[in-house]
Amino acid sequence: MPAISKITVQQKNKSRFNIFLKRGDQEQFEFGVSEDILVQYNLHKGMELSEDDIKQLKNKDELHKSYTRAIHYLSYRMRSEKEVFDYLIEKEVEEEDAKDIINRLYKERLLDDRAFAESFVRTKIATSSKGPVLLKQELLRKGVPEDDIDPALEFYSFDDQYQKARKIGMKKVNDSSKKSFQQKLQAAKQTLMQKGFTQEVIQEVSMQLKEEKEDSVEWESIVIQGEKALRKYEKKAEGFELKQKVMAALYRKGFSHELIQRFLEEKGE
């Protein structure tokens with residue numbers, strides 16, 4: 001049975017060791033191991049190893065190297081379980097070994113799909129214009145269970161969704177194209193749907209955009225009618241009397257008290 005004849009530190013990686021075995025009169029390099037495995041199996045000079053021992057140690061070391069790759073992969077950002085598993089399979093790690101590594105990462109709290117989903121949603125709220133429907137689809141593609149996705153999406157409040165969606169909608173309806181307001185509003189609704197906003201949010205934003213458009217048109221109209229009334233009565237009246245005549249004329253036109261007051265204030269009453 002061959003015995004360990006020499007153990008040396010690898011030059012390029014001080015946490016790994018070269019194991020040399022004496023087979024008959026020949027000493028040869030047999031395999032490398034991490035410091036963890038060296039300590040775990042108490043490998044030392046003179047220790048005899050069977051061929052099964054050698055095979056087991058090589059397998060353990062390969063598993064440790066794959067685990068280290070997974071840690072390195074996780075060092076850039078949080079990952080879902082599926083992302084890590086797919087990465088290991090891509091690196092030609094055996095499926096059973098990949099599952100063992102995944103289990104170890106969970107035990108060490110380096111993997112957590114619920115925490116990953118929450119981090120993903122918070123980041124997207126801060127950095128993207130995507131709605132919750134689209135975020136859920138992306139998380140599902142990353143293999144995150146729906147039971148972990150739905151609680152994470154609760155961080156995406158209705159107000160956050162509304163503010164984002166309204167900004168997108170405003171940009172659409174105020175573009176410089178010659179399309180009608182209704183066409184622009186329809187395009188805005190389509191864009192919001194594609195970006196993954198819920199129908200409830202889209203409906204709320206559409207109603208607000210319509211109201212703002214109507215208010216804008218109404219204001220333009222009262223300015224025109226108010227200017228006409230001023231020109232008509234300013235030759236016959238002034239001060240309080242002029243104000244009363246203009247107010248009466250605008251009331252007859254059907255304008256609201258709020259709009260009339262706003263017009264008079266802007267005109268310095």
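Below, all heavy atoms of this structure are taken into account, side chains as well, without hydrogens, waters or symmetry copies.
- No more than 12 heavy-atom neighbours from other residues, nucleotides or ligands sit within 6.0 angstrom of NZ on K172.
- Between the side chains of S15 and N13, at least one donor-acceptor pair of N or O atoms lies under 3.5 Å.
- Closest approach of G32 and Q10 over heavy atoms only: CA-NE2, 4.1 Å.
- Within a 6.0 Å sphere centred on NZ of K58, heavy atoms belonging to other residues, nucleotides or ligands number more than 12.
- Here the closest non-hydrogen pair linking A152 and E118 is CB-N, 3.7 Å.
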Exercise. Checking side-chain contact (heavy atoms from CB on, under 4.5 Å) for the pair K245/K236: CA distance, chi angles, key distance, verdict?
Worked result: CA-CA 10 Å; K245 287 182 178 294; K236 305 174 184 178; 5.6 Å; no
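- A 6.0 Å sphere centred on CD of E234 holds more than 12 heavy atoms belonging to other residues, nucleotides or ligands.
- Residues S128 and K164 come closest through the heavy atom pair O-NZ, 2.8 Å.
- Here the CG-NZ distance, from N103 to K99, works out to 9.5 Å after rounding to the nearest 0.5 Å.
- Other members of the cluster containing F20 are F29, with ILVMFWY side chains joined at under 4.5 Å, either directly or via other members.
- Separating the NZ atom in K184 from the NZ atom in K171 is a distance of 14.0 Å, to the nearest 0.5 Å.
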For this session: Could you walk me through whether T198 and I202 pass the side-chain contact (heavy atoms from CB on, under 4.5 Å) test, one step at a time?
Result: CA-CA 6 Å; T198 63; I202 294 172; over 6 Å; no
For this session: List the steps, then state whether side-chain contact (heavy atoms from CB on, under 4.5 Å) holds for K65 with R16.
Result: CA-CA 10 Å; K65 284 194 286 188; R16 288 188 60 78; 3.9 Å; yes
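- Screening residues 114-164 for ring pair (Phe, Tyr, Trp, His ring centres under 6.0 Å) gives no qualifying pairs among residues at least two apart or on separate chains.
- Between E81 and R114, no side-chain nitrogen of the basic residue sits less than 4.0 Å from a carboxylate oxygen of the acidic one, so the salt-bridge criterion is not met.
- Screening E27, Q28, K45, E30 against S5 for a side-chain hydrogen bond (donor to acceptor under 3.5 Å, both in side chains) leaves a single residue, E27.
- Checked by atom type and distance alone, the side chain of T191 pairs as donor or acceptor with a backbone atom of A187 at under 3.5 Å.
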Residues 132-145, side-chain donor-acceptor partners within the protein, below 3.5 Å, at least two apart:
residue : atom : partner : partner atom : Å
K136    : NZ   : E146    : OE2          : 2.9
K136    : NZ   : D150    : OD1          : 3.1
E138    : OE2  : K130    : NZ           : 2.6
K142    : NZ   : E83     : OE2          : 3.1

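- Side-chain heavy-atom separations under 4.5 angstrom define the hydrophobic clusters, and the remaining members of the one that includes L88 are L63, Y67, I71, Y73, L74, V84, F85, Y87, I89, V93, I101, I102, L105, Y106, L110, L111.
- S206 places none of its side-chain heavy atoms less than 4.5 Å from the side chain of Q203.
- Using a 4.5 Å cut-off between side-chain heavy atoms of Ile, Leu, Val, Met, Phe, Trp and Tyr, F17 falls into a hydrophobic cluster with I4, I7, V9, I19, L21, F31, V33, I37, L38, Y41, L43, M47, L49, I54, L57.
- Residue Q40 holds its CD atom at 8.5 Å from OG of S34, rounded to the nearest 0.5 Å.
- Considering all non-hydrogen atoms of both residues, G46 and A3 come closest at O-CB, 3.9 Å.
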For this session: With side-chain contact (heavy atoms from CB on, under 4.5 Å) as the test, would you mind laying out the steps for K232 and K228 before giving the verdict?
Result: CA-CA 6 Å; K232 179 178 179 182; K228 284 173 65 176; over 6 Å; no
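- Atom CD1 of I168 sits about 11.5 Å away from atom CD of Q163, to the nearest 0.5 Å.
- For E92, the CD atom sits in a loose shell: 12 or fewer heavy atoms of surrounding residues, nucleotides or ligands are nearer than 6.0 Å.
- Between E51 and P2, the shortest heavy-atom distance links the atoms OE2-CG, 4.1 Å.
- Atom CG of residue L242 and atom CE of residue M247 lie 12.0 Å apart, to the nearest 0.5 angstrom.
- Every salt bridge (charged side-chain N to carboxylate O under 4.0 Å, His left out) that E227 has, sequence neighbours left out, goes to K267.
- E211 has its side chain within reach of Q208: a pair of non-hydrogen atoms, C-beta onward, lies under 4.5 Å apart.
- At least one side-chain heavy atom of E266 sits less than 4.5 Å from a side-chain heavy atom of R262.
- Around the NE2 atom of H44, the shell of radius 6.0 Å holds more than 12 heavy atoms that belong to other residues, nucleotides or ligands.
- A donor-acceptor contact under 3.5 angstrom links the side chains of S129 and K195, judged on distance only.
- Closest approach of D113 to S80, counting heavy atoms only: OD1-CA, 3.4 Å.
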